[in-house]
Every structure is written in C-alpha cells, then in structure tokens.
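Reminder, nothing fancy here: chain letters follow the sequence lines and each chain counts from 1.
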Number of protein chains: 2
Amino acid sequence: MFFVSLIPIRSGSPLGGEAERSDAARNRELLLKAARELIEECGADGLTMDRLAERAGVGKGTVFRRFGSRAGLMMTLLSDSEAAFQGRFMFGPPPLGPGAAPLDRLVAFGTERIAFVLEFGELARAADSSAYNRFDVPAAVLWHRHIEMLLRAAGVTADPWLMAMSLSSTLDPERLLHAVRVHHVAPERLAESWCELVTRVVSCPGGSSRRTENNSEGGG
Amino acid sequence: MFFVSLIPIRSGSPLGGEAERSDAARNRELLLKAARELIEECGADGLTMDRLAERAGVGKGTVFRRFGSRAGLMMTLLSDSEAAFQGRFMFGPPPLGPGAAPLDRLVAFGTERIAFVLEFGELARAADSSAYNRFDVPAAVLWHRHIEMLLRAAGVTADPWLMAMSLSSTLDPERLLHAVRVHHVAPERLAESWCELVTRVVSCPGGSSRRTENNSEGGG
DNA sequence: ATATTATCCGGACCGTAGTCCGTTTAGCAG
DNA sequence: CTGCTAAACGGACTACGGTCCGGATAATAT
C-alpha cells in the first residue's frame with residue numbers, strides 16, 4: 001500500500017518548507033486575509049491578482065512568489081477543508097474511512113466529494129484551472145490513488161489505474177458545477193448516478209474479452 | 001428520437017448563415033491558410049491570435065469577427081474531420097453506425113473518439129478551452145446525446161443523461177492527452193479500459209437500490 | 001457613374017496572469 | 001551598533017485573449 005506525503009496539498013511557502021522570514025510570513029497572512037475578503041465581496045471569479053495585491057498592500061510579485069499562480073492561491077484557500085476531507089476518507093469512520101466494504105467506501109467517497117465541490121464550487125474550479133498539470137497536483141493524485149486502491153480492494157482487476165481515472169473524471173468540479181448550474185441537475189441525482197456507476201463498475205464480472213471477435217458473450 | 005441541427009459544428013461565418021461579402025470570404029480563407037501554416041510550424045499551442053492576424057495580413061478584429069474566439073477558430077479547423085466523424089457514427093456502417101448492438105456501438109464510439117483525440121490532440125484540447133460553455137458546444141451536445149441514446153437502447157434505465165455525462169468525461173481530450181503524454185499510457189490501453197467501462201455499465205443489472213433503503217430509481 | 005447603406009476592416013485599447021530585476025530588509029556575525 | 005548577505009519586495013513589463021468604434025468598401029439601387 002502506497003502513501004502520498006500525507007495531507008500534502010500546499011502550504012503557503014514557495015517550495016522547501018525551510019524557515020520563513022518574518023516579513024514573508026506577515027505578508028502571507030495579509031494576502032490570505034485579503035483574498036478571503038475579496039472572495040466574500042466579489043466571488044472567486046472576481047478575484048484578480050492585481051486587486052489582491054492592492055488590497056493586501058503588497059506588490060504583485062509578492063503574490064506570485066507566495067502562491068506560484070492563481071490556482072495555487074485557490075488551493076491554499078481550500079487547503080483546510082481539503083485536509084479535513086482527506087483525513088476523513090483516509091482515517092475517519094466508515095463508510096468513508098477504513099472498515100467498510102470497498103464499494104461502500106467508493107460510494108461514500110463520491111457522495112462526499114460531490115458535496116464538497118458543490119459547497120466550495122467556484123474555489124474548487126478556480127483551483128483546477130492551472131494550465132497543464134491539473135491532474136498531477138498532490139490532492140488529485142491522492143484521490144486517484146484512493147479510488148484505485150478501493151477498486152483493487154473490490155476485486156476490479158481490469159486496469160484499475162485507468163478505471164480510477166474515468167471515475168475521477170466524473171467528479172471533475174467543472175463538469176459537476178456545469179450540470180448543477182446550467183442544467184439544474186439536483187445534487188442528489190449526481191450522488192445517485194455516482195452510486196449507480198461505481199456499483200456497476202465494481203459488481204460486474206470482468207467482461208474484458210468482448211471487444212475482440214472470439215467468444216463474445218453478450219453481443220446482442 | 002431527437003436531432004441536433006445535423007453536423008452543426010461551426011462554419012466560418014459569424015452567426016446567421018446569410019450571404020457573405022466577398023472580402024470577408026477572402027479573409028476567411030487567408031486566415032485558415034495562415035492558421036494551418038502556423039500550427040504546422042509552432043504547434044496549436046504556439047498559435048496566438050496576434051501572430052495569426054499578422055501572418056494573414058489582416059487586423060486582429062477580423063480574426064475575432066470570423067471565429068469568435070480562439071476556441072472557435074480551432075473548432076473550425078477541426079470541423080472537416082469532426083463532420084466526417086459525426087457522419088460515421090450517425091449514418092455510417094456498423095459497428096460505429098446504426099445496425100450494430102448498442103454496446104458494440106458504444107465501444108466503437110469510444111475507440112474512434114480516442115483515436116480522434118490522439119490524432120488531433122492539441123487542436124482538440126485548444127478547441128475545448130473556451131471559458132464556460134465547453135460542454136454546450138454543438139459537437140459536445142451531439143456526442144452526449146449519442147451516448148445517451150445508445151445507453152437507453154442498451155436498456156440502461158438509471159439516469160442515462162448523467163451516465164452519458166460520466167462516460168463523456170472519460171473521453172475528455174485533456175484527460176486522454178494527459179494520460180498518454182505524461183503517464184505514457186498506450187492508446188490501446190485507453191481503448192481497452194473504455195470497453196471495460198461501458199461493458200460494465202451496460203451489462204450490469206440495475207443495481208440502483210443499494211444505497212438508499214427504498215429501492216426507487218429516480219430518472220430524469 | 002453616382003449615391004446609399006449595410007457590412008466589414010483594422011489596430012488602438014483593455015484586463016488579466018505571469019515574469020524580471022534593481023532595491024530593500026530581515027537575520028545574523030563580529 | 002555596524003556591516004554583510006541571502007531572501008524578500010514591488011511594480012514596471014510582457015504576452016495574450018478579447019473588445020470597440022471610426023473609417024473603408026462591397027453590394028445595390030438609381
């Protein structure tokens with residue numbers, strides 16, 4: 001069983017967690033405070049790095065040295081809730097945490113994740129919007145591994161890594177928010193559909209050999 | 001059975017398909033030619049609207065009036081191949097087109113779509129990158145409806161719309177390219193995993209009633 | 001040929017994310 | 001307290017997508 005570095009997410013410091021100069025620490029707090037205020041007032045989409053710098057009374061360069069990018073800032077803002085979520089599905093009580101059947105944990109995971117995304121909607125989306133490595137951010141890797149691990153535990157033998165990727169994509173914030181906000185899908189429907197999906201993926205006997213022409217079982 | 005406006009994608013003209021002034025037509029051709037050249041030279045990601053305008057010898061405003069946005073331009077560049085793909089899965093020979101069993105058509109659809117995305121990778125990703133309505137673009141709606149239709153035909157009763165959304169998300173260009181380019185997943189593995197996924201989704205008996213006490217399957 | 005008008009053109013302009021580099025300062029040694 | 005240095009600062013700068021509107025022009029009527 002593998003382990004990611006344990007609630008990695010993202011601190012405020014640039015990279016190495018070494019000591020932080022006092023002015024840097026002070027500015028980080030100023031920035032986080034200003035960011036929360038701005039989001040309160042204008043929403044996450046209304047937060048621009050310029051306005052944030054101005055509001056916090058620091059230079060723009062400082063903002064980017066602290067958080068690397070806009071997405072990095074959003075991740076930092078999410079990190080508390082995110083860490084709590086991670087703690088719950090890794091160490092918390094069943095059915096989300098260890099102890100329950102893998103399928104039950106999968107269902108619980110998706111349900112909670114959907115609720116999380118819908119609660120912190122704009123933030124979660126903004127945190128994703130980094131250019132390329134959206135999927136290699138520590139938190140995303142952790143979810144992926146968690147799903148993959150549960151799939152294996154549930155006896156899914158067919159390429160659990162890719163299957164976990166498919167399941168993860170279903171929980172993509174942008175898609176979930178789009179369904180809810182544009183198509184007015186009720187959140188419970190999302191959870192039910194997730195349940196349906198993972199149940200089928202897990203419960204079905206491995207039906208791998210049906211694409212090639214030999215012994216197709218249910219061709220129809 | 002519903003029908004989208006039939007190979008809608010996007011022409012070059014702004015909106016209403018009315019007559020196009022000769023200079024407008026000339027500029028559209030100049031722009032498309034320049035765009036293909038630039039992509040040849042710098043890749044799709046290296047194409048900027050400024051450089052395109054300069055290369056084509058037109059003003060920047062012209063570029064945006066023609067194509068609306070960068071994503072719109074990319075869609076136009078893709079439209080030929082896209083139309084061919086649409087034609088094949090809507091009217092072409094089985095197993096992609098009508099005539100085969102729904103599950104076989106689903107498998108074929110995903111396989112072809114994966115190949116399509118991998119072939120026109122950068123373009124497909126760039127065409128998606130519009131801000132909000134990524135999922136409401138005509139082509140995306142058509143795929144979604146197609147998958148949904150096949151799911152219904154295959155007897156999947158549990159919220160086919162959302163199930164189609166999940167399956168669509170698996171075929172998202174950004175994710176597919178990420179898997180192939182960053183994680184070096186072989187394209188055949190993607191196809192196999194897709195096959196596995198849809199097989200399980202379709203073949204499994206409706207397992208809806210396992211999360212809630214009352215076995216009601218809401219539908220939409 | 002001339003006048004009219006709807007359409008199109010072009011490039012200056014804007015807001016935004018992200019970079020660069022000369023300047024300032026915190027932390028520390030003597 | 002003074003001097004030193006590595007780190008942090010800040011804001012001008014770049015690159016980009018997208019908008020705007022005064023001027024140019026193709027199509028058409030007379």
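Rounded to an integer number of Å, the gap from A:Glu54 CD to C:dA17 P is 14 Å. Between the CZ atom of A:Arg28 and the C1' atom of D:dC9 there is a distance of 16 Å, given to the nearest Å. Between A:Phe67 atom CZ and D:dA8 atom C1' there is a gap of 14 Å when expressed in whole angstrom units. Here D:dA7 presents its P atom at 13 Å from CZ of A:Arg66, a figure rounded to the nearest Å. Note: CZ (A:Phe64) to P (C:dG18) measures 5 Å, nearest angstrom. Straight-line distance from the CG atom of A:Asp45 to the P atom of C:dG15: 18 Å, rounded to whole Å. The nearest whole Å value for the distance from the CG atom in B:Leu52 to the C1' atom in D:dC16 is 13 Å. Look at CG on A:Asp50: it is 14 Å from C1' on D:dA15, rounded to the nearest Å.
Where B:Leu47 and B:Ser22 meet DNA chain D, the nucleotide closest to each residue was compared, and B:Leu47 sits on the side nearer the 5' end. Both B:Arg21 and B:Gly59 sit near DNA chain C, but only B:Arg21 has its closest nucleotide nearer the 5' end. Residue whose closest nucleotide on DNA chain C sits further toward the 5' end, between A:Arg26 and A:Met49: A:Met49.
Counting distance only, with no hydrogens placed and no angle test, the side-chain atoms of A:Lys60 and the base atoms of C:dA17 include a donor-acceptor pair under 3.5 Å.
For the pair A:Asn27 and D:dA8, the criterion of a side-chain N or O lying under 4.0 Å from OP1 or OP2 is not met. Between B:Thr62 and C:dC8 there is no side-chain N or O to OP1 or OP2 distance below 4.0 Å.
Taking the six-membered ring for Trp and thresholds of 30 and 60 degrees, B:His178 and B:His183 have ring planes more than 60 degrees apart, a perpendicular arrangement.
Under the 6.0 Å cut-off for aromatic ring centres, B:Phe109 and B:Phe116 do not qualify, their centroids lying 6.0 Å or more apart.
Closest approach to the B:Arg70 side chain among C:dG18, D:dG18, C:dC9 is made by D:dG18 (side chain taken as heavy atoms from C-beta onward). When the nucleotides C:dT19, D:dA27, C:dC9 are ranked by their closest atom to the side chain of B:Asp23, C:dC9 comes out on top. In this structure, the nucleotide among C:dA17, D:dC9, C:dC9 sitting nearest to the side chain of B:Arg65 is C:dC9. Distance from the side chain of A:Thr48 is smallest to C:dA17 among C:dC8, D:dG10, C:dA17.
Nearest approach of B:Leu176 to B:Thr170, heavy atoms of both residues: CD2-O, 3.6 Å. Closest approach of A:Met149 to A:Arg105, counting heavy atoms only: CE-NH1, 4.4 Å.
With respect to A:Glu37 and A:Lys33, a salt bridge is recorded, a charged nitrogen being found less than 4.0 Å from a carboxylate O.
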